[in-house]
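Following: one structure in structure tokens, then a few remarks.
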Amino acid sequence: MATNRPLDIRWIRRYKAFYIAGVIIFCIQILLAYFFLASHDESRKNDRDFQSGKGRWNLEVADDKRRKEFRGDRDNVLGVDDEDNPANSNSIISELTRNKVLPDKLEDRRIDNKVPQISKLSNVSHLRLEELDFVPLCDITGKEAISAIHRAKTQYCKQEISNISCLIAEGLLYPKKLPHLCAISETGKSLGCFQDGKSKRLLSSYYVSLKFNNSPSNCVNLCLQSGFSYAGVQLSTECFCGNEKPPSSFQLPDSSCNMKCPADTHQMCGGYLTSNIYQTGIAKFSARSVKDSFEEREHDSSPLRIAFLLTLNGRAVRQVHRLIKTLFHRNHFFFIHVDARQDYLFRELLALELHLPNVRLSRRRHATIWGGASLLTMLLESMSELVNSAWDWDFVINLSESDFPVKTNAQLVSFLSANRNVNFVKSHGREVQRFIQKQGLDKTFVECEAHMWRVGDRVLPTGIVMDGGSDWIALSRSFVNYIAASEQDELIKGLIVLFKYTLLPAESFFHTALRNSIFCDSYVDNNLHVTNWKRRLGCKCQYKHVVDWCGCSPNNFRPEDWSRIQGTEEKNIFFARKFEPIVSQTVISQVEEWLYGPYPQGIPNLLSYWQSTYHYADLSPQTNDALVTIANSLARIASKQLSNPLCTAIPVKLLQIHTYLHNDQFEGSLILYEVLYKSSAINSSQLETMIKPKNFFKKLTSSGPISRLKVLSISSDYDQKEQMSRDFMQVIGPFSEPHAIYQWISGKDHANLTFLWLDPTNTLAEASYVYMDESASISFTKPVLKTPLLPGVWQVKVVLNSQIVAQTEFFVTPLEFVGGQIISQQQTSFLHNGPSQSYKVKHEDWKHILGDKDSDSANTLDRKAVINSRRFGLDLRQWIDSLVTRFYSVIKSCSVNLLNVSNCEPKEVCSATLWSTFAVDPKSQITSINKTSGGLNRW
């Protein structure tokens with residue numbers, strides 16, 4: 001019988017160390033293989049991105065030496081100038097769902113009503129389907145699309161983003177290729193194999209390394225998209241672009257180019273310092289030159305007519321009048337589009353149609369946003385209306401309320417007469433692929449909810465040159481007829497689809513259409529504008545609340561920029577931007593006098609400017625309840641000052657509010673309101689009152705660094721680009737976002753300051769940290785405060801070295817109105833009770849400076865805040881009036897229609913003053929047409 005013998009494992013113990021080492025080595029090999037494959041896939045993805053035109057490969061995979069050799073330092077900063085309607089939703093989506101011709105995958109998901117399976121990639125957020133009242137047409141896994149869907153507020157917008165994302169995923173949205181109608185030769189025609197050099201390249205304009213996706217067709221598409229005439233592939237992975245045809249003396253036998261292409265091993269991609277050269281099919285681009293002046297000839301005897309397309313926003317109606325007055329000629333036409341949300345501007349400008357036969361306002365109004373696709377839609381629709389109108393014009397020039405001419409009308413007409421049938425656009429002047437990346441042309445954007453949502457990458461169509469720059473243009477009649485035709489060709493149809501989902505589409509559509517159409521030889525690289533770019537101030541990502549992108553905007557001209565305007569005198573520059581009289585009217589007057597000479601002596605109010613901030617008839621934009629509350633309170637306070645025992649002035653209706661400036665200095669806000677006089681008879685009248693906020697800033701010491709603090713004010717609307725507050729009345733309500741605006745005097749003192757924000761209960765709500773440098777600068781700090789803000793008197797204390805060295809006060813107004821209606825008692829308990837959560841900053845951390853919060857006085861303030869939150873009706877109005885009286889001064893009043901109510905009305909008639917909105921304003925007054933000059937009379 002056999003016996004069981006134990007297993008001999010001594011050999012395992014003897015070689016244990018080697019065994020463990022082998023296992024570790026094996027695991028490392030598996031890990032390295034995993035990373036290698038992942039890297040390989042990512043590299044292939046990068047190359048696919050290159051082929052799609054996304055424009056990032058040249059920064060990611062090209063080595064530094066090559067990049068410096070062939071690209072050079074071209075990283076100039078990009079110059080970018082500047083209503084939801086379900087009927088405007090994507091026509092492709094509408095057609096597919098209406099006729100049920102969706103692709104199989106989309107059709108199955110739609111008919112079967114199946115919930116799409118969301119990809120479980122670890123680096124992709126999941127689409128929360130429970131938030132949607134619809135079933136997406138496809139599996140949406142892109143992080144940007146998912147983020148946009150979740151951030152959108154309405155189900156309509158969420159579904160629009162979802163639909164577009166699915167169309168892109170299925171390849172149904174964008175055209176894959178568009179025709180280049182300006183071609184001179186066959187695209188992709190081979191010129192042969194050529195010898196290249198290290199120090200001097202055959203094609204030296206652009207270079208990119210494509211490790212996994214290089215091929216002749218891919219390289220040709222890239223070079224064509226970038227506007228180059230020739231493409232060359234070399235060393236298997238390299239792609240070169242240029243405009244100079246290689247000399248025939250450098251040609252080699254085809255066998256010298258013997259390295260296979262990564263994307264197509266049946267083709268050759270050059271060799272070591274040998275290149276396969278191909279034609280892209282386009283000629284070397286050269287912008288058309290222009291004539292500087294016009295010499296009248298018989299065949300050019302017909303007067304040149306300009307259609308000014310004015311795209312207007314805001315409330316600066318007087319500046320619009322001034323612009324039209326300066327440009328006006330009886331031979332020209334003015335087609336005006338007013339933003340759909342600007343009731344006041346549209347209403348005020350309608351009167352021009354009655355007085356001037358060549359002025360017309362569009363009734364097809366769009367709510368446009370910065371960088372939005374709606375801007376291009378608006379421009380194309382307006383141009384279509386111009387084409388179909390009875391007006392006979394030769395050029396269309398688009399302008400905004402921020403533009404102003406820097407040459408006379410006669411000079412403009414003479415120049416354009418010498419250059420008929422050309423098109424004036426300003427190109428970006430940089431490397432095309434860099435422009436594509438900076439401009440976001442390789443991304444898809446969807447506009448809804450007055451926002452441009454970025455939903456992911458996209459593939460640009462092949463076959464065309466991409467171009468762009470400024471959206472301010474001057475186009476010929478023939479080209480406008482072409483792009484705005486009712487029946488458009490394949491190129492224009494494709495470009496309209498492409499730019500419908502593009503950020504800043506107006507900055508590229510017209511340029512790209514010109515470069516690729518039969519009008520390519522009419523391209524003039526000059527949009528007749530000079531723009532006041534100050535990128536240090538203008539590139540602050542100030543539009544992130546309306547676009548998923550970081551954009552730039554030019555600054556307004558001020559008197560200190562005058563030399564730049566003067567520098568246009570000898571150039572073919574006819575307009576400048578931006579001008580804004582609320583920022584500086586002085587420089588506008590300076591330009592006007594430069595062109596047409598000074599106004600006669602004795603003309604009144606040349607230094608005065610009025611701009612509307614409120615009108616009772618406005619439905620849009622939404623009323624600022626805090627502003628209306630304070631203005632009504634000021635009307636009550638001013639009426640009481642006019643009242644006496646014999647008559648009582650009772651305000652019954654707030655009509656308008658204007659901001660009034662003189663010599664570029666804020667003088668006060670003007671409140672127009674209707675009153676009833678209660679005496680032996682009741683008479684109604686309109687009064688206008690000037691008011692001004694009081695200043696509560698004071699320094700508690702005059703020595704040390706704090707002596708450099710010149711200004712400290714609290715406002716809810718700070719313009720970082722212009723370094724000024726646009727809230728001249730300093731209105732802050734429960735849902736405002738206060739800013740502390742401060743200005744230093746230049747000096748050598750440095751300091752770290754703390755701004756402590758104390759609410760009406762003397763509780764520390766926030767601490768802001770500010771650094772004082774040597775410069776004389778205006779800046780701001782914005783506290784993070786929970787809303788609704790507690791109404792009442794707030795304080796801001798400036799702390800330096802544990803001492804309070806300066807302070808100011810402001811007030812958060814309780815609301816008398818909500819949505820234009822009298823506030824209800826239930827609403828007051830919510831809106832006037834402060835935030836529901838406690839402040840994040842701890843009062844105890846600053847107790848050594850602010851004192852103990854648990855003192856008797858602090859408890860009294862807490863009880864007072866509770867009582868105030870319950871005020872309603874007359875009690876609420878009295879509380880509001882007490883706060884307004886403390887923080888505002890009533891300067892003076894006038895009567896619009898003097899009724900001679902005894903001892904009650906103001907003695908001054910508004911039209912006889914120099915400050916009232918009823919005072920004469922010759923700069924902006926539209927008068928009769930001058931029969932001699934054809935323009936409007938200046939006064």
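Position 1 is the first residue of the sequence; numbering continues from there.
Other residues, nucleotides and ligands contribute over 12 non-hydrogen atoms within 6.0 Å of the CD atom of Q723. Annotation: K786, atom NZ; neighbour count of heavy atoms from other residues, nucleotides and ligands within 6.0 Å is above 12.
For S829 (side chain) and Q826 (main-chain N/O), a donor-acceptor pair under 3.5 Å exists by modelled atom type. One N or O on the side chain of Q585 and one on the backbone of S608 form a donor-acceptor pair closer than 3.5 Å. Side chain of S716 to backbone of V731: a donor-acceptor contact under 3.5 angstrom is found. A distance-only check finds a donor-acceptor pair linking the side chain of N897 to the backbone of Q686 [under 3.5 Å]. Here the side chain of R341 pairs a donor or acceptor atom with the backbone of T368 at under 3.5 angstrom. E449 contributes a side-chain N or O that, together with a main-chain N or O of K153, makes up a donor-acceptor pair within less than 3.5 Å. With hydrogens and angles disregarded, a donor-acceptor distance shorter than 3.5 Å links the side chain of H451 to the backbone of H545. When atom types are taken as modelled, the side chain of K699 and the backbone of A806 share no donor-acceptor pair closer than 3.5 angstrom.
Side-chain contact between Q542 and Q720: absent, with no pair of heavy atoms (C-beta onward) separated by less than 4.5 Å. Here the side chains of T917 and Q656 are not in contact, with every heavy-atom distance at 4.5 Å or above. Residues L789 and L785 have side chains in contact (heavy-atom distance under 4.5 Å, counting atoms from C-beta outward). A heavy-atom distance below 4.5 Å is not found between the side chains of H739 and D727. In this structure the side chain of H321 reaches within 4.5 angstrom of the side chain of L349, judged on heavy atoms. Under the 4.5 Å side-chain criterion, counting only non-hydrogen atoms from C-beta, L687 is in contact with L642. Using a 4.5 Å heavy-atom threshold, the side chains of I706 and T701 count as touching.
Under the 6.0 Å cut-off for aromatic ring centres, W757 and F755 do not qualify, their centroids lying 6.0 Å or more apart. Checked against the 6.0 Å centroid threshold, Y660 and F728 do not count as a close aromatic pair.
Between F780 and Y718, the angle of the ring planes lies from 30° to 60°, which puts this pair in the tilted group. The aromatic rings of Y344 and H658 sit perpendicular to each other, their planes meeting at more than 60°, with 30° as the lower class boundary.
A salt bridge is absent between R726 and D717; no separation between the charged side-chain nitrogens and carboxylate oxygens falls under 4.0 Å. A salt bridge between R347 and D343 is absent, with no side-chain N of the basic residue lying under 4.0 Å from a carboxylate O of the acidic one. Between K892 and E908, none of the side-chain N atoms (NZ, or NE/NH1/NH2) sits under 4.0 Å from a carboxylate O, so this pair counts as no salt bridge.
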Open item on the list: Quick one, N762 with Q795, criterion side chain to side chain contact (heavy atoms under 4.5 Å, CB included). Give me CA distance, side-chain angles, the key distance, then yes/no.
Closed with: CA-CA 8 Å; N762 206 34; Q795 301 176 69; 3.7 Å; yes
Open item on the list: What verdict does the side chain to side chain contact (heavy atoms under 4.5 Å, CB included) test give for N313 and E401, after you've listed the backbone C-alpha separation in whole Å, the side-chain angles of each residue and the deciding distance to 0.1 Å?
Closed with: CA-CA 7 Å; N313 209 326; E401 70 283 350; 4.2 Å; yes
Task: Test log, rule side chain to side chain contact (heavy atoms under 4.5 Å, CB included), inputs Q803 and L700 - done: CA-CA 10 Å; Q803 290 186 338; L700 304 182; over 6 Å; no
TODO: In sequence, state the C-alpha distance, the side-chain angles, and the governing distance for E816 and S633, and then conclude on side chain to side chain contact (heavy atoms under 4.5 Å, CB included).
DONE: CA-CA 9 Å; E816 183 183 356; S633 175; 5.7 Å; no
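Tested against F696 for a ring pair (Phe, Tyr, Trp, His ring centres under 6.0 Å), the candidates F810, F811, W794, F887 yield a single pass: F887.
In this structure, a donor-acceptor pair under 3.5 Å is absent between the side chains of T781 and Y742.
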